Amino acid sequence: MNFYERAALVCEQIPKGKTATYGQIALLCGKPKNARQVGYALNRGLAGDAPAHRVVNAKGILSGAASFATPNLQKQMLEQEGVKVTWTEDGWRVDLKKDGWKNTMEDALWLRNEFDARDI
DNA sequence: CATCTGACAGAGA
DNA sequence: GTCTCTGCCAGAT
């Protein structure tokens with residue numbers, strides 16, 4: 001099973017206008033403890049064309065390492081999708097209560113099937 | 001091999 | 001809500 005391929009697939013399922021956390025991605029990939037690897041994957045572009053801008057840490061902070069063309073690009077893209085991004089002491093933050101991706105059982109089942117179908 | 005690092009998270013105070 | 005401490009694990013050195 002390839003964790004990175006899974007991570008990419010999961011990221012692609014994040015609905016537009018919603019955000020998911022690294023831990024959430026890791027969980028859906030079947031590796032609850034690999035949150036850091038999710039970040040690593042996105043950082044290294046190992047997640048293909050997955051929408052990395054919709055992935056934030058557990059606090060909703062845009063961790064913003066520079067795999068974006070310009071600083072604040074992540075923020076811009078999120079706002080473009082209707083996500084409210086506010087500045088805080090810690091940096092740009094989204095409201096996970098409002099714009100966080102709520103996984104449904106169907107999302108999980110769908111993913112399970114895809115993983116199985118693609119043997120990853 | 002041993003260590004260190006990091007787009008992280010959870011538990012406890 | 002905050003802050004600190006600990007566990008994680010793939011990659012790099």
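Lettering follows sequence order; numbering is per chain, from 1. For clarity, every value in this text was computed on a predicted model and none was experimentally measured.
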Would you say A:S63 places a side-chain N or O within less than 4.0 Å of OP1 or OP2 belonging to B:dC8?
yes
Under 4.0 Å between a side-chain N or O of A:Y4 and OP1 or OP2 of C:dG11?
yes
Calculate the interatomic distance between [X] atom [atom1] and [N] atom [atom2]; express it in whole Å.
X     : N      : atom1 : atom2 : value
A:K33 : C:dG7  : NZ    : C1'   : 8 Å
A:Q37 : C:dG7  : CD    : P     : 17 Å
A:M77 : B:dA7  : CE    : P     : 20 Å
A:L96 : B:dC8  : CG    : C1'   : 14 Å
A:K31 : C:dA10 : NZ    : C1'   : 11 Å
A:D95 : C:dG1  : CG    : P     : 10 Å
A:K75 : B:dA7  : NZ    : C1'   : 18 Å
A:L42 : C:dA10 : CG    : C1'   : 14 Å

[Y] backbone acceptor or donor facing [X] side chain under 3.5 Å:
X     : Y      : result
A:Q24 : A:T21  : yes
A:T19 : A:D99  : yes
A:R6  : A:I120 : yes
A:K18 : A:K98  : yes

Check every atom of [options] against the side chain of [X] and return the nucleotide holding the closest atom.
X     : options              : result
A:Y40 : C:dC9, B:dA9, C:dA12 : C:dA12
A:A35 : B:dA7, C:dC9, B:dA9  : B:dA9
A:T21 : C:dC9, B:dA9, B:dC8  : B:dA9

Which atom names give the shortest non-hydrogen contact between A:C11 and A:A50, and what distance separates them?
CB-CB, 3.5 Å
Residue closer to the 5' end of DNA chain C, A:D90 versus A:N34 (nearest nucleotide):
A:D90
Comparing A:L46 with A:R36, nearest DNA chain C nucleotide closer to 5' gives the residue A:R36
